[in-house]
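Before any comments, here is the structure.
Side chains are part of it too, since the values below use all heavy atoms of this structure and drop only hydrogens, waters and symmetry mates. Here is the naming used below: chain letters follow the sequence lines, and residue numbers restart at 1 for every chain.
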Amino acid sequence: LANVIADFIMPCEAGWLFSVIYCLYLLLDVSISLPDCFSSWWSEVQMGPPDPILGVSEAYKRDTNPKKINLGVGAYRDDQGKPYVLSCVRKAEAQIAAKKLDKEYLAIGGLGDFTKACAKLALGDDNEVIKSGRNITVQTISGTGSLRIGANFLSRFHTEARDVYLPKPSWGNHTPIFRDAGMQLKAYTYYDPKTCGFDFQGALNDISKIPEKSVIMLHACAHNPTGVDPRPEQWKEIADLVKKRNLLVFFDMAYQGFASGDIDRDAWAVRYFIEQGHNIVLSQSFAKNMGLYGERVGGFTVVCKDAEEAKRVESQLKILIRPIYSNPPMNGARIAATILNTPDLYKEWLGEVHGMANRIITMRELLVANLKKEGSTRNWKHVIDQIGMFCFTGLKPEQVERLTKEFSVYMTKDGRISMAGVTSGNVGYLAQGIHAVTK
Amino acid sequence: NHKTLETSWLAFLASDVHPPHDWSSISWWSEVQMGPPDPILGVSEAYKRDTNPKKINLGVGAYRDDQGKPYVLSCVRKAEAQIAAKKLDKEYLAIGGLGDFTKACAKLALGDDNEVIKSGRNITVQTISGTGSLRIGANFLSRFHTEARDVYLPKPSWGNHTPIFRDAGMQLKAYTYYDPKTCGFDFQGALNDISKIPEKSVIMLHACAHNPTGVDPRPEQWKEIADLVKKRNLLVFFDMAYQGFASGDIDRDAWAVRYFIEQGHNIVLSQSFAKNMGLYGERVGGFTVVCKDAEEAKRVESQLKILIRPIYSNPPMNGARIAATILNTPDLYKEWLGEVHGMANRIITMRELLVANLKKEGSTRNWKHVIDQIGMFCFTGLKPEQVERLTKEFSVYMTKDGRISMAGVTSGNVGYLAQGIHAVTK
């Protein structure tokens, strides 16, 4: 090229100009292939907002105030404010380790010893559904994974209706779970801010207008975030109305045992609906009641018309699950199965769940007592009436903000506090703060 | 008359109260069809039912030792003991997983000193093994790579790739890859097809030990592919499920991934620790997006978290703790490299033994590809009818496409296997 330029182009008029332009062209062509100039695939990707619930914990970690309290995430804490690994879990782990089991893939639907026990826990050992084999229960990635499998299944197979009705309010993550699965979100009245309790008439009114075959989400016990549960006679009326409206019931049971301290009592609504002939779908989590949080243990159940239908549904659940994660994680399921299937451990577990629920109840009573001691004249009865991990304090966003900024008490903006984060050591300070922002 | 009317009216009212059992006849799922069993996992199920004592399972790609038993790595047992002794809690991991794991995971793939990691321009999240990683990737592409909907898979590819991308909302296409005439790589065919892929489409590349064929491009071929892909301006999605397992050497198996990045491709990458650490059921994997810079990586990270949270909230801890312990503890890391090398070597030895035995049986077919192919699988070249005979007459279980898992071959069964293969191919 240099020779061509020298011999033929340079001698021409403006040949120098041509050479300069051509050299620039060559340089540009080379530089375009340099890594620096690679265009970005993700320039249009916006920074997303942080998760509202998990974001609270992150803000808490950054705070240097020694009196800070984290009432954000619903993870149980003991009275020293420490994470609590259940004794029955440690024992189960030791048993499992001693067996030197392999790490071969579980089936797509998970560990059989786990799924069977999981269904029995929810429905009762002698439930007719289990005896007739008309349920299919698959192991899932805790409660979220269960809800998402359910949402995906409904989206694919419940084609008569696209709408899922959530209680108002519901767990924040319910919305993106169903939305990303392709369902539409609607709501029915649930919480009454005037009483900090259940708006029973409001719920019935709204439910009576839900179009037939829509999906209705019900929290089996320990409603998240309000802690407000229907009473048994109210559940009966809801079951009746839902039957009349011919709605598909989706139960979310993330707190079995954790609400009242009693496994069977907390599953009462689920079992009642099934008895009444509702062929429900059900999500279960073992994150809280077995403290297995990060092990991700859960179950998804479809109660079918009969065993034949259960087989068809099972085949389709597997086809759905395989391209999401192939098969579920083994460790937590082995722990849960060991506990549920070993009488001594099962008994110990029931005691520990009861203990956790009791500590929560005690903290509720202590908080109200301390608020009164502070001189608060507000009605705090709901703190004791509400049940489970959470308490909907009734605090407004501005009050929550003050509580965080001035007292380093961390909670979600909706006024929800995790009672599990309250200890005999911090309940006095918490009462101070709450009284200060509400007097 | 009045009484009769009243009785009838009461009877009418009573009949409106259906006994509970009537309602179980109302079905939400009557239109749900029985689906076909998974082709790969279905093979194992058929194998289990077979009573022939000589049966061999060459279906699923799970490593077996020379006794045909599952193999839990020694470094894994040690890591487990270390972890158990610490009495750690079970608190939720972050949405993106265990930091000690994700950092080490990225370093393993890209190399400790990779400029990408130093400049913080990758985001690596912990996933539910390889499948979970691919699905997160597919969902991410579906949501954010709006310029193109098409994903180009090699022909053939792992069966599960198709539903993963389809269920995530992408469209599947293919490029020539395997040459059935040579049981090798159709390099020209691949280049021809790739040269026609529309700009900005996603191209899936198997980093090493192609599944199901075991056929990998040579380095000089990878260079041409990288160049062509650059010219076509394609988004590269690397699936690396067998790092260490292919050649026995971690860095050698990651060569293509690192070369592409060096050449300026901002790739997305799925990694699995199911095979190379034997962590199958613990579900350990990683998904990486190589971004333009650290700022972009932060934006991408925030969106990955928003995507993951409504799928499973946060990933399972146990396997990630094991993998992190191994990757971050020099002694265990060294032991692991040795064990991976050992597994890969046993596979290579079985390949050689199988060919030797086939020759001993008197087979005159060219079985060179069995030794040339690499990794867990071997694409024998057997036709479906031959596979069927092999299963029915010899109780040798494999997938219909003629793929065998070399990991299922042992010095104890390789002779019988050669007999069967020779019988159906002579």
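Interface remark: A:L101 contributes backbone atoms only to the contact with chain B (heavy atom separation under 4.5 Å). Using a 4.5 Å cut-off between heavy atoms, B:K231 makes no contact with chain A at all. Heavy-atom distances place the backbone of B:P315, and not its side chain, under 4.5 Å from chain A. Residue contact with chain A, scored on non-hydrogen atoms closer than 4.5 Å, involves the side chain of B:E80 exclusively. Proximity to chain A (any heavy atom under 4.5 Å) is shown, for B:E282, by both the backbone and the side chain. For a residue to count as touching a neighbouring chain, one of its non-hydrogen atoms must lie under 4.5 Å from one of that chain's; by this rule B:S129 does not touch chain A. With a threshold of 4.5 angstrom between heavy atoms, B:V284 does not approach chain A through any atom at all. For a residue to count as touching a neighbouring chain, one of its non-hydrogen atoms must lie under 4.5 Å from one of that chain's; by this rule B:R166 does not touch chain A.
Among the candidates B:E31, B:K69, B:K87, the residue making the largest number of heavy-atom pairs closer than 4.5 Å to chain A is B:K87. Put simply, of B:C291, B:A274, B:A94, B:P163, the one with the most heavy-atom pairs under 4.5 Å next to chain A is B:P163. Ranked by non-hydrogen atom pairs under 4.5 Å with chain A, the options B:E296, B:Q303, B:K305 are led by B:E296. Ranking A:E314, A:R90, A:K311 against chain B, the residue ahead of the rest is A:R90, based on heavy-atom pairs under 4.5 Å. When B:W29, B:Y312, B:Y280 are compared by the number of non-hydrogen pairs under 4.5 Å with chain A, B:W29 comes out ahead. Counting heavy-atom pairs under 4.5 Å between each of B:M34, B:H161, B:E295 and chain A puts B:M34 at the top. Counting heavy-atom pairs closer than 4.5 Å to chain A, the top-ranked of the candidates B:L93, B:D227, B:I128 is B:I128.
Contact of the B:L134 side chain with the A:P323 side chain is not registered, since no non-hydrogen atoms from C-beta on lie closer than 4.5 Å. A:W41 is not listed as a side-chain neighbour of B:K292, based on a closest heavy-atom distance of 4.5 Å or more.
Looking at every heavy atom in both residues, B:V300 comes nearest to A:W42 through CG2-CB, 3.8 Å. Smallest separation of non-hydrogen atoms from B:Q33 and A:S315: O-OG, 3.9 Å. Across all non-hydrogen atoms, the minimal contact from A:S326 to B:N160 is OG-ND2, 3.7 Å. Closest non-hydrogen pair, B:I306 versus A:G48, comes out as CD1-CA, 3.7 Å.
The CG atom of A:N331 sits 9.5 Å away from the CZ atom of B:R321 when rounded to the nearest 0.5 Å. Note that the CZ atom of B:R283 and the CG atom of A:N327 stand 4.0 Å from one another [nearest 0.5 Å]. Atom CG in A:L247 sits 7.0 Å away from atom CH2 in B:W28 (nearest 0.5 Å).
Looking at B:R299, its side chain does come within 3.5 Å of a backbone N or O of A:V45 through a donor-acceptor pair.
A salt bridge links B:E91 with A:R77; the closest basic N to acidic carboxylate O contact falls under 4.0 Å.
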Quiz: residues 137-145 of chain B side-chain donor-acceptor pairs under 3.5 angstrom, not counting sequence neighbours:
residue : atom : partner : partner atom : Å
B:N139  : OD1  : B:R135  : NE           : 3.3
B:S142  : OG   : B:A168  : O            : 2.7
B:R143  : NH2  : A:D180  : OD1          : 3.2
B:R143  : NH2  : A:D180  : OD2          : 3.0
B:H145  : ND1  : B:E147  : OE1          : 3.2
B:H145  : NE2  : B:K200  : O            : 2.6

